Visitor: 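Supplied in structure tokens, the structure appears directly below.
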Amino acid sequence: MKSFTLPSIPQRARVPLMLALALAMALLPRALNSYWLDVFVSIGLGTLLSLSLNVILGQAGIFNMGHAAFYAVGAYVTAILNTRYGIPVLWLIPVAGAAAGLFALVVARPIIHLRGDYLLVVTIGIVEIVRIALTNDLWGLTGGANGIFGIARPELFGIRIRKGIQFYYLIWGAVGLTVLLFACLNRSRFGRALSCIKEDDVAAEGCGINVAAYKLAAFVLGAFWAGMAGTLFAAKMTIISPGSFTFWDSVLLFAAVILGGGSQAGVILGAFLVYGLPEIFRDFAGARMLVFGLALMIMMVIRPQGILPPGARRYDVRGFLARRAAGGDVLPQGASRPGQDGGAAGCAGTGKSSRKGR
């Protein structure tokens with residue numbers, strides 16, 4: 001197997017390329033039937049959630065397998081306030097985000113110091129606790145296993161959004177806005193600090209970064225965005241139940257981010273594969289998830305750093321196999337281990353003064 005290199009896109013060509021992609025997505029509904037339009041709406045919601053998880057997992061390196069819990073909080077806050085008090089759905093987008101962010105602050109503050117699989121297990125517990133609480137009709141508000149019915153459709157500029165094509169533009173418009181905002185975040189001091197923490201949190205703290213505070217902020221920000229996505233989901237479905245927010249939903253989001261490699265473009269492509277590939281193989285019925293799982297396994301063996309990791313353009317299959325056979329280093333080309341120069345460079349980019357580590 002030979003290596004091949006992804007083509008480098010010149011800086012001046014990136015904006016026209018993004019505009020071309022946006023135009024293609026805007027014209028795509030004309031080529032879709034009602035079924036595939038609904039599939040692309042689901043992919044859009046998955047992309048929105050994957051981008052929100054990417055702030056936590058892809059940028060800060062926090063293993064969160066319970067992201068569906070914050071999605072559920074946002075959706076249920078929207079459903080309760082809309083059905084009981086008649087508050088318009090779109091007004092509830094920031095409210096649902098704030099509720100999910102506050103919940104994340106409460107549950108993450110005691111556990112944010114945990115690392116790796118310990119934190120992973122705790123976040124799995126969070127999503128299961130939320131699901132059980134919703135099923136048991138928490139405070140008589142959640143409707144138990146039957147959920148909440150009769151959620152109103154959103155209205156925008158006096159137009160009631162009810163058709164699939166209208167939800168397509170609403171949700172993919174939200175994805176485009178999210179990409180722009182998170183791109184600015186990545187270039188900020190906050191984004192550079194998260195990259196440094198992901199590379200080596202000990203070195204980051206030695207550079208003067210408050211690691212716990214930045215991790216908590218990333219966790220809350222990702223949950224806030226997931227809560228807002230929950231509002232769009234509730235408005236699209238008009239009915240929600242605990243079965244819509246399971247551990248499996250968190251697994252799919254986790255897979256999309258890991259598969260994408262942590263960059264925004266990679267995460268979007270990962271979401272397309274995770275949420276779109278099973279639909280492409282829908283004619284194979286029960287075997288489609290087997291094919292999907294095998295594809296993910298092969299991808300993780302050949303490309304363990306993800307499809308489009310930040311700054312990486314090279315698929316070195318031959319080098320990977322050679323290093324594997326020799327029992328040597330199998331790190332992606334150009335990557336650095338924690339504690340090497342990569343971590344120090346990331347810290348320097350945050351603009352913090354250096355001091356001795358613990």
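This structure is a prediction, so every number in the text was calculated from the model and none was measured.
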Visitor: Can we call the ring centroids of F219 and F70 under 6.0 Å apart?
Guide: yes

Visitor: Please work out which of the three classes, parallel, tilted or perpendicular, describes the rings of W225 and F182, given edges at 30° and 60°.
Guide: tilted

Visitor: Do the side chain of N136 and the main chain of L138 share a donor and acceptor less than 3.5 angstrom apart?
Guide: no

Visitor: If you apply the rule side-chain contact (heavy atoms from CB on, under 4.5 Å), what do you find for L57 with I258, and how did you get there?
Guide: CA-CA 8 Å; L57 175 60; I258 295 298; 3.9 Å; yes

Visitor: Is there a continuous path of hydrophobic side-chain contacts, each under 4.5 Å between heavy atoms, that joins L45 to W248?
Guide: yes

Visitor: Let me see the working for F167 and I161 under side-chain contact (heavy atoms from CB on, under 4.5 Å), right down to the final yes or no.
Guide: CA-CA 7 Å; F167 275 103; I161 300 174; 3.9 Å; yes

Visitor: Would you call F149 and T238 a side-chain contact if the rule is heavy atoms closer than 4.5 Å?
Guide: no

Visitor: Do you reckon L177 sits in the same ILVMFWY cluster as V267, going by side-chain contacts under 4.5 Å, direct or chained?
Guide: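 Same cluster.
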
Visitor: Side-chain contact test, heavy atoms from C-beta onward, threshold under 4.5 Å: evaluate it for K215 versus D201 and give yes or no.
Guide: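 K215 reaches D201 side chain to side chain.
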
Visitor: Before you tell me yes or no, could you show the steps for F103 and F224 under ring-ring contact (aromatic ring centres under 6.0 Å, His included), namely the whole-Å CA-CA distance, both residues' side-chain angles and the distance that decides it to 0.1 Å?
Guide: CA-CA 9 Å; F103 176 67; F224 179 87; over 10 Å; no

Visitor: Start with the C-alpha gap between D38 and K236, add the side-chain angles, then the distance that decides, and say whether salt bridge (Lys or Arg N to Asp or Glu O under 4.0 Å) holds.
Guide: CA-CA 10 Å; D38 194 57; K236 170 67 170 61; 3.0 Å; yes

Visitor: Indicate the atoms forming the closest heavy-atom contact of A223 with A100, along with that distance.
Guide: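 Distance-wise, the nearest heavy atoms are O-CB, 3.3 Å.
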
Visitor: Distance alone, cut at 3.5 Å: any donor-acceptor contact between the side chains of N186 and Q59?
Guide: yes

Visitor: Calculate, to the nearest 0.5 Å, the distance between atoms CD and CG belonging to E155 and L90 respectively.
Guide: 8.5 Å

Visitor: Are the side chains of L259 and L269 in touch, meaning some heavy atoms are under 4.5 Å apart?
Guide: no

Visitor: Y85 versus L92: any side-chain heavy-atom pair under 4.5 Å?
Guide: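 When only atoms from C-beta onward are counted, L92 and Y85 do not touch, as no gap falls below 4.5 Å.
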
Visitor: Parallel under 30°, tilted from 30 to 60°, perpendicular over 60°: which one fits the rings of Y71 and F233?
Guide: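 Tilted, since the angle between the ring planes falls between 30° and 60°.
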
Visitor: State, with a plain yes or no, whether a side-chain heavy atom of V95 is found less than 4.5 Å away from one of W91.
Guide: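 When only atoms from C-beta onward are counted, W91 and V95 do not touch, as no gap falls below 4.5 Å.
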
Visitor: Which distance, rounded to the nearest 0.5 Å, do you find between the CD1 of I148 and the CG of N82?
Guide: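 CG of N82 is found 10.0 Å from CD1 of I148.
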
Visitor: Taking S50 for the side chain and A271 for the main chain, is one N or O donor matched with an acceptor at less than 3.5 Å?
Guide: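 Pair absent, no side-chain N/O of S50 close to backbone of A271.
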
Visitor: Could you grab the distance from atom CD1 of I151 to atom CG of L81, nearest 0.5 Å is fine?
Guide: 11.0 Å

Visitor: Looking at R131, is its backbone amide N or carbonyl O close enough to the side chain of T135 to form a donor-acceptor pair, meaning the two atoms are under 3.5 Å apart?
Guide: yes

Visitor: Would you check if the side chain of R153 reaches a backbone N or O of A235 as a donor-acceptor pair within less than 3.5 Å?
Guide: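 At least one qualifying donor-acceptor pair exists.
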
Visitor: Minimum heavy-atom separation for P29 and M25, please, with both atom names.
Guide: CD-O, 3.4 Å

Visitor: Please assess L253 against Y275 for the test side-chain contact (heavy atoms from CB on, under 4.5 Å), listing each intermediate value before the final yes or no.
Guide: CA-CA 9 Å; L253 294 173; Y275 290 95; 3.1 Å; yes

Visitor: Is it possible for you to say whether Y118 and I129 belong to one hydrophobic cluster, with membership spreading through side-chain heavy-atom contacts below 4.5 Å?
Guide: no

Visitor: Using the rule that two of Ile, Leu, Val, Met, Phe, Trp, Tyr join whenever any of their side-chain heavy atoms come within less than 4.5 Å, decide whether V41 and Y35 are in one cluster.
Guide: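 Yes, one cluster joins them.
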
Visitor: Are the side chain of T246 and the backbone of G243 linked by a donor-acceptor contact shorter than 3.5 Å?
Guide: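 Such a contact is absent between T246 side chain and G243 backbone.
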
Visitor: Using modelled atom types and a 3.5 Å cut-off, is there a donor and acceptor pairing between side-chain atoms of N33 and backbone atoms of W36?
Guide: yes

Visitor: Using the rule side chain to side chain contact (heavy atoms under 4.5 Å, CB included), only one of L232, V179, I43 pairs with L48; which is it?
Guide: L232

Visitor: Looking at SG of C196 and OH of Y214, how far apart are the two atoms once the value is rounded to the nearest 0.5 Å?
Guide: 10.5 Å

Visitor: Can you see which heavy atom on T231 is nearest to which on G74, and at what distance?
Guide: OG1-O, 4.1 Å

Visitor: In terms of ring plane angle, is the pair W172 and Y168 parallel, tilted or perpendicular, where the classes change at 30° and 60°?
Guide: tilted

Visitor: Supply the atom-to-atom distance L134 CG to L141 CG, rounded to the nearest 0.5 angstrom.
Guide: 10.5 Å

Visitor: What are the two closest heavy atoms between A229 and L49, and how far apart are they?
Guide: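 So the two residues come closest at CB-CD2, 3.9 Å.
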
Visitor: Given 3.5 Å as the limit, does a donor-acceptor pair link the side chain of K198 with the main chain of G58, or not?
Guide: yes

Visitor: If you compare all heavy atoms of A152 against all heavy atoms of V89, which two are closest, and at what distance to 0.1 Å?
Guide: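 In terms of heavy atoms, the two residues are closest at O-CG2, 3.2 Å.
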
Visitor: Could you pull out the closest heavy-atom pair between S263 and G260, with the gap in Å?
Guide: OG-O, 4.3 Å

Visitor: Which is it for Y76 and F245 under the side-chain contact (heavy atoms from CB on, under 4.5 Å) test, yes or no, and what are the steps along the way?
Guide: CA-CA 11 Å; Y76 268 87; F245 313 99; 3.8 Å; yes

Visitor: Please tell me whether V121 and I126 are part of a single hydrophobic cluster in this structure, the criterion being side-chain heavy atoms less than 4.5 Å apart.
Guide: no

Visitor: Look at the side chain of R109 and the backbone N and O of L216, then say whether any donor-acceptor pair between them is shorter than 3.5 Å.
Guide: no

Visitor: Taking R162's backbone N and O only, do any of them form a donor-acceptor pair with Q166's side chain (distance below 3.5 Å, no angle check)?
Guide: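 Yes, Q166 side chain to R162 backbone: donor-acceptor pair under 3.5 Å.
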
Visitor: How many angstroms lie between atom OG1 of T178 and atom CG of L185, to the nearest 0.5 angstrom?
Guide: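 It is 11.5 Å, given to the nearest 0.5 Å.
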
Visitor: Main chain of N64, side chain of H67: is a donor-acceptor contact present, judged purely on distance under 3.5 Å?
Guide: no

